[in-house]
Amino acid sequence: MTRKINKLLIANRGEIACRVISTCQRLGIKTVAVFSDADANALHVAMADEAVHIGPAPAAESYLRADKILAAAKQTRADAVHPGYGFLSENPEFSEACAKNNIIFVGPSATSMRAMALKGAAKKLMVEADVPVVPGYHGDDQTLETLSVEAEKIGFPVLIKAVAGGGGKGMRTVRSAQELEAGIEAARREGENAFGNGKLLIEKLIEIPRHIELQVFGDSDGNAVHLFERDCSLQRRHQKVVEEAPAPGMSDTMRRAMGDAAVRAAESIGYEGAGTIEFIVDVANGLDDANFYFMEMNTRLQVEHPVTEMITGLDLVEWQLMIAEGQPLPLSQDEIDVLVDGHAVEVRLYAEDPENDFLPAIGKIGHFDPFADVVSGGRIDAGVRAGDTVTIHYDPMIGKLIAWGEDRAEAIETLTNLVTDTPVTGVTSNRDFLLRTLKHPDFIAGNVHTGFIAEHTTALMQPIALSASDYAMATFAIVAARQNNKTSDDPWGLTDNFRLNMTATEKLWFNVDGEGFLTADMLETGTTLTATIGDEAFTAENALFVDGTLTITIDGLQQRHAVSVSASEVTLVLGDRTIVVNRHLRDGSADDDADGPGTITAPMPGKILDVKVSEGEEVSKGDPLLVLEAMKMEQTITAPKDGFVTNLSVSTGDQITGGAVMLIIEEKQE
Ligand code: ADP
Ligand code: ADP
Ligand code: MG
């Protein structure tokens, strides 16, 4: 029995809600968005035909409220609900409640979800279906004695998993019998706290594994097919960061073996809709003929589904909707097998700080354009745009950047260009980290495994050292932004001492990573800006700041950079480097004499190379006072006005902190 979907409610937010809406727009299906207080102006709401408010920002009070979502579906007369991923997507009660209200749930039956919900029970089912599982224990007896005996039987190292776990949570690696009890306790606690279920399973820890998963689809006639594999081995904290299809180095024999196993798994539970069978592959001796084991099934659309779409030319959301309508699978396995073309790679762009253990970041997005013109072969799936805020309430993914190429090398190159062309400002992101990953020779060579990121930490986490030219560029950005009136919250914006075609000077202050601060002397002559940082002068022409983009000519070459300027910092995206320059607040004024007339402070941390004056000496404006070495440059500090040297507190060889008072020029008493 088929039933047409004319109007679809999307019970989700962010990029996946936008993704589903896009397909509906193409197919002429009306869409209904739901939104929390935090998302009133979100992109998914703007894209949908209708939108219903479902509660406060916390997910438990909005996107996880099945009752409110069903009420919204009834109110808007939606035929069907698409759950996206996360939230209610794998919640069997929600799927049943939809059915009870005569609303189509775009996903598998509650029975299929329940069969696969708990990792232990799912493994048991898979053993029956003759699908290989990771050797281990997934029994009901949870006593320490039994778990210890089983762990010994499996042999260390082992991995303890909460059976209800997800998103990489509730797992502990245990390398010896002595660590076992602590590992069990930790995994159990995490399982109880995060998923309300402390039951555990133990499996052999595969030391050098790849995560390779198969996209499957089943229909109501009991048929199932697979849409090839995805390699999701590049992970941090057991969560995917880079995904690709096909898996690098995958032979046809392996693909057939894994594909058959995946289809068997889906058919064994009469699976309907889109699902993913995740396998772990032991690649200690390479991928050819390697052992692969079922890990779990995700009974929903997967975050990384676009790479499958790009190598097959299929729209997986369209397939989901067709199957939910009760139609048969649109293509047979033979027809699908000939579709595969080229290679696709996806990266997940997260608001997070790779250098700080990938801690999620929050903030208002300054620069990010999900609708940007992308390089040929590129695709952006995102749910936020400039001006939106990444909050603590939801997953911090900004979006996904995906690229297709004739082969893997071309796909990686195109994706590298796409990421380079996609600046993010306003919120700390993993963009530069992704670029370093895509450019890493071992990644390019296809030597991927789940320990890749940990193994290459040093190469992937290079701290960004700021150079004098970076500070100069920040100075130009501040001046250009102010002239374009883009920073009304900028205290310097109030003291407008810049006028067209006149010479103006100004001193700007920056904090240097907890080491004090440095200054930039700005000189503007007509359309020429000169920033002097220490002893080095940088010149730029025609600086223009429009919509977060700085257009500037340096050495005759016009450049464009994404920039965001606030009262406290300047973020500049310079190609593959995103730099953040902190501004030093000086009582909200640009008065370069804020420390009192004639007070000479160290503009940056450094070393005194020479003291050219002595206490009480008379000096004239412009006379050299001190020579300072900072940022590997020599800088001569000159007298700002006529007077006498007093309070001289430094001598040659001294190491000084930024901001330290070095001497004071007192005016002559008339
Ligand atoms: P995938 O294999 O698709 O990455 P994950 O298990 O990492 O699967 O989860 C996919 C997405 O689902 C995550 O990015 C997150 O947004 C969401 N998600 C995962 N676990 C939860 C959870 N417990 N509650 C809410 N959302 C979740
Ligand atoms: P989740 O539900 O959190 O996604 P999974 O069981 O899918 O949990 O495992 C997540 C990740 O943990 C895998 O992608 C893999 O990197 C790692 N992992 C899982 N099982 C094993 C194992 N037996 N040996 C080594 N690594 C594993
Ligand atoms: Mg998983």
Side-chain angles (χ1 to χ4, degrees), residues 85-86 89-91 113 115-127 131-138 150-151 153-175 183 186-187 190-191 193-197 199-216 229-244 247 258 262 265 274-284 290-305 346 348 358 395 397 448-455:
Y85 54 72
S89 62
E90 296 180 272
N91 183 316
M113 280 188 211
M116 291 297 179
L118 300 177
K119 294 180 200 291
K123 282 180 80 173
K124 217 174 277 175
L125 271 179
M126 290 303 106
V127 173
V131 175
V133 302
V134 189
Y137 173 75
H138 45 260
E150 294 295 338
K153 251 197 253 171
I154 297 162
F156 292 99
V158 298
L159 187 64
I160 301 175
K161 287 186 189 176
V163 295
K169 285 198 199 77
M171 287 199 276
R172 280 293 178 287
T173 300
V174 174
R175 298 204 165 265
E190 225 167 276
N193 292 340
F195 312 100
N197 186 337
K199 196 171 172 190
L200 305 175
L201 63 79
I202 309 179
E203 55 190 41
K204 179 87 197 145
L205 180 82
I206 313 287
E207 296 263 29
I208 306 180
R210 273 167 67 175
H211 173 120
I212 300 180
E213 59 184 33
L214 270 286
Q215 175 69 55
V216 295
E229 79 281 2
R230 293 183 286 257
D231 190 310
C232 314
S233 297
L234 260 68
Q235 307 180 343
R236 48 110 181 81
R237 281 199 259 104
H238 298 300
Q239 273 190 308
K240 300 156 189 168
V241 186
V242 182
E243 302 112 340
E244 57 185 303
M258 293 183 75
T276 294
I277 312 285
E278 295 189 335
F279 291 106
I280 190 135
V281 187
D282 188 343
V283 292
N291 286 322
F292 63 89
Y293 308 103
F294 170 90
M295 269 194 305
E296 66 164 345
M297 178 172 193
N298 292 326
T299 53
R300 53 171 162 85
L301 192 66
Q302 202 91 337
V303 176
E304 56 276 17
H305 75 278
E346 170 182 290
R348 298 191 190 186
F358 299 96
D395 190 273
M397 192 165 75
V448 294
H449 60 99
T450 64
F452 184 95
I453 289 173
E455 182 185 330

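When a residue number appears, it is its place in the shown sequence, counting from 1. Numbering of ligands and ligand atoms starts at 1, following listing order.
Which parts of ligand 2 touch Thr450 is read off a 4.0 Å heavy-atom cut-off, strictly below it: atoms 16 (O). If you number the atoms of ligand 2 from 1 as listed, the ones under 4.0 Å from a heavy atom of His211 come out as 13 (C), 14 (O). Near Gln235, meaning under 4.0 Å from any of its heavy atoms, are these atoms of ligand 2: 11 (C), 13 (C), 14 (O), 15 (C), 16 (O). In the vicinity of Leu205, heavy-atom distances shorter than 4.0 Å reach the ligand 2 atoms 24 (N), 25 (C). The contact set between ligand 2 and Glu203, taken as ligand atoms under 4.0 Å from a residue heavy atom, comprises 20 (N), 21 (C), 22 (C), 23 (N). Atoms of ligand 2 found under 4.0 Å from any heavy atom of Lys119, numbered from 1 in the order shown, are 1 (P), 2 (O), 5 (P), 6 (O), 8 (O). In the vicinity of Gly166, heavy-atom distances shorter than 4.0 Å reach the ligand 2 atoms 1 (P), 2 (O), 3 (O). Residue contact check: Lys161 has heavy atoms under 4.0 Å from atoms 6 (O), 19 (C), 20 (N) of ligand 2.
In this model, a donor atom of one side chain and an acceptor atom of the other lie less than 3.5 Å apart for Gln302 and Glu278.
Residues passing the side chain to side chain donor-acceptor pair (under 3.5 Å) test with Lys204, sequence neighbours excluded: none. Glu203 pairs by the side chain to side chain donor-acceptor pair (under 3.5 Å) definition with Lys123, Lys161, not counting sequence neighbours.
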* To do: Kindly determine whether Leu214 and Phe292 satisfy side chain to side chain contact (heavy atoms under 4.5 Å, CB included), including the steps that lead there.
  => CA-CA 12 Å; Leu214 270 286; Phe292 63 89; over 6 Å; no

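Interatomic distance, His211 NE2 to Ser233 OG, rounded to the nearest 0.5 Å: 7.5 Å. Separating the CD1 atom in Ile277 from the CZ atom in Phe294 is a distance of 6.0 Å, to the nearest 0.5 Å. For the atom pair CD of Gln239 and CG of Leu234, the computed distance is 14.0 Å after rounding to the nearest 0.5 Å.
Between Ile206 and ligand 2, at least one N/O pair is under 3.5 Å apart. Considering backbone and side-chain atoms alike, Glu278 places an N or O below 3.5 Å from some N or O of ligand 2. For ligand 2, the polar-atom distance check against Gly168 finds a nitrogen or oxygen pair separated by under 3.5 Å. Of the polar atoms of Met295, none of the N or O atoms is found under 3.5 Å from an N or O of ligand 2, judged by distance alone.
For the Mg ion (ligand 3), the nearest N, O or S atom contributed by Glu278 is named OE1. When distances from the Mg ion (ligand 3) to the N, O or S atoms of Glu296 are compared, OE2 comes out shortest.
Remark: Glu213 engages Arg230 in a salt bridge, criterion side-chain N to carboxylate O under 4.0 Å.
The closest non-hydrogen atom to atom 7 (O) of ligand 2, taken over Glu296, Lys240, Met297, comes from Glu296.
A cation-pi geometry, defined here as NZ or CZ lying under 6.0 Å from the six-membered ring centre and within 45° of its normal, does not hold between Arg175 and Phe156.
Look at Gln239 and you'll find every heavy atom at least 4.0 Å from all atoms of ligand 2.
Across Ala151 and Val158, no two heavy atoms sit closer than the pair O-CG1, 4.1 Å.
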